[in-house]
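All ligand and atom numbering here is 1-based and tracks the order in the structure. Side-chain atoms are counted along with the backbone in the values below, which use heavy atoms only and exclude waters and symmetry mates. All residue numbers in this chain count up from 1 along the given sequence.
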Amino acid sequence: MDTRIFLSKSISDISLENITSEEKNVLDFEKSLEKYLGKKNCVAALNSGTSAIHLSLILSGVSHGDEVLCQSFTYVASANPTIYQGAIPIFIDSEKDTWNMCPKYLEKAILDRISKGKKPKAIIFVHLYGMPAKIEEISLIAKKYNIKLIEDAAEALGSEFKGKKCGTFGDYGIISFNNNKIVTTFGGGVLICKNEEDKQKAIYLSKQARDKVAHYQHSEIGYNYRISNVLAGIGVKQMKFLEKHISRRRNVNFFYKKFFKELKGFKLLEELNKNRLSNHWLSCVVIDEKLTGFNREDLRMFLLKNNIESRPFWKPMHLQPVFKEFPFYGEMISENLFNNGLCLPSGSDLEITDLERITSSIKKLL
Ligand SMILES: *Cc1c(COP(=O)(O)O)cnc(C)c1O
């Protein structure tokens with residue numbers, strides 16, 4: 001049997017050094033990201049993207065009983081921190097162009113929540129699979145209603161909208177460096193702030209909120225969310241290879257694009273126009289069963305038989321058992337994507353022979 005092709009393998013380009021418990025690597029990692037993301041971005045390095053979202057909610061003033069508007073079509077980590085804060089997630093459907101938060105339903109939800117007596121405290125939108133969302137429309141709505149904007153760019157390191165990096169548009173942005181992301185520190189995340197004060201507040205909260213006195217004194221509840229210096233050291237080195245990984249993943253996507261153009265019944269997630277640049281963390285395709293004669297599970301199982309890993313899309317939050325009691329604004333966009341979509345192998349390790357094996361398997365099933 002052929003060797004296994006994995007869905008999204010990250011590869012390490014570095015060997016370990018500088019192993020100490022001081023914060024030198026942490027500070028260097030933050031600096032490398034501030035340089036990469038551009039001026040006016042203040043970066044706090046944390047132990048995960050999830051903790052970055054949690055701290056962004058705290059900095060946005062979200063607390064018990066508040067409402068937070070959250071993209072439904074996402075990984076569960078976008079939504080969980082709202083629950084940690086004792087707040088209430090309100091889920092918003094996707095639009096068809098980028099598959100991210102629908103601005104129309106976002107505004108509908110805000111107006112409806114206000115009419116019910118409560119203005120939402122924050123908006124969490126996502127650049128899913130690396131594809132930049134409808135940033136301008138969403139930012140305008142956030143401004144119009146004066147609601148804090150949190151940008152979940154966990155999957156979108158290196159993606160751009162009009163030449164500006166994803167993660168830098170919201171009041172707060174977050175990026176994940178977890179195992180399967182485009183660059184990994186084997187566990188890690190960053191919070192991107194618009195000023196040094198917010199950054200320092202985040203770092204303080206991430207280190208158990210210790211008062212500035214010699215003994216251990218605490219005036220508020222903190223968290224153990226700081227990244228380890230060892231993992232930050234990996235991050236500093238890995239960042240040097242980011243462009244290579246982006247270009248590899250974009251090449252994978254380009255290969256699929258050429259392949260599916262010849263076929264009926266497949267819709268690949270693509271940039272609408274030159275305003276958007278996706279890192280194409282994962283290449284995603286929606287299958288029209290009427291035209292292909294098979295559905296996404298048929299294709300997934302067939303690929304698996306050929307030792308090729310693929311994966312259904314994220315199941316929308318409003319369809320998750322754990323969130324079923326919370327409001328949802330939208331229709332069937334994200335639900336249809338979930339029912340018919342498949343993430344194809346997209347890893348930085350894929351060779352042209354692997355890609356040919358994948359596409360010839362798809363042809364075989366056709
Ligand atoms: C990975 C991911 C996160 C969370 O990041 P972790 O580092 O795994 O905690 C949040 N949102 C999305 C969309 C993600 O894909």
Distance filter under 4.0 Å to [X] heavy atoms, resulting ligand 1 atoms:
X      : value
Gly49  : 5 (O), 6 (P), 7 (O), 9 (O)
Gly188 : 7 (O)
Val126 : 13 (C)

>> Within 45 degrees of the ring normal and closer than 6.0 Å to the centroid, is that where the cationic atom of Arg296 sits relative to Phe338?
In response: yes
> Does a salt bridge link Lys199 with Glu34, judged by any charged N lying under 4.0 Å from a carboxylate O?
Replying inline: yes
Do [X] and [Y] get their side chains close enough for a donor-acceptor pair, meaning under 3.5 Å?
X      : Y      : result
Arg210 : Ser219 : no
Tyr225 : Gln208 : no
Asp198 : Tyr172 : yes

Mind checking whether [X] has an N or O less than 3.5 Å away from an N or O of ligand 1?
X      : answer
Thr74  : no
Ala154 : no
Glu155 : yes
Trp314 : no

>> Taking only non-hydrogen atoms of Ser78, do any sit less than 4.0 angstrom from ligand 1?
In response: yes
> Could a heavy atom of Ala52 be found less than 4.0 Å from some atom of ligand 1?
Replying inline: no
Which residue owns the protein heavy atom closest to [atom], what's the atom, and how far is it?
atom                    : result
atom 4 (C) of ligand 1  : Ala77 CB, 3.5 Å
atom 11 (N) of ligand 1 : Asp152 OD2, 2.7 Å
atom 2 (C) of ligand 1  : Lys181 NZ, 2.8 Å

> Looking at the rings of Phe186 and Phe177, which for Trp means the six-membered one, are their centres under 6.0 Å apart?
Replying inline: no
> Do His54 and Tyr223 have their ring centres less than 6.0 Å from each other?
Replying inline: yes
>> Which heavy atom of Glu262 sits nearest to which heavy atom of Lys258, and what is that distance?
In response: CG-O, 3.6 Å
> Stepwise, does the ring-ring contact (aromatic ring centres under 6.0 Å, His included) test hold for Phe125 with His127?
Replying inline: CA-CA 7 Å; Phe125 77 109; His127 307 297; 5.2 Å; yes
> Out of Asn178, Thr50, Thr185, whose heavy atom is nearest to atom 8 (O) of ligand 1?
Replying inline: Asn178
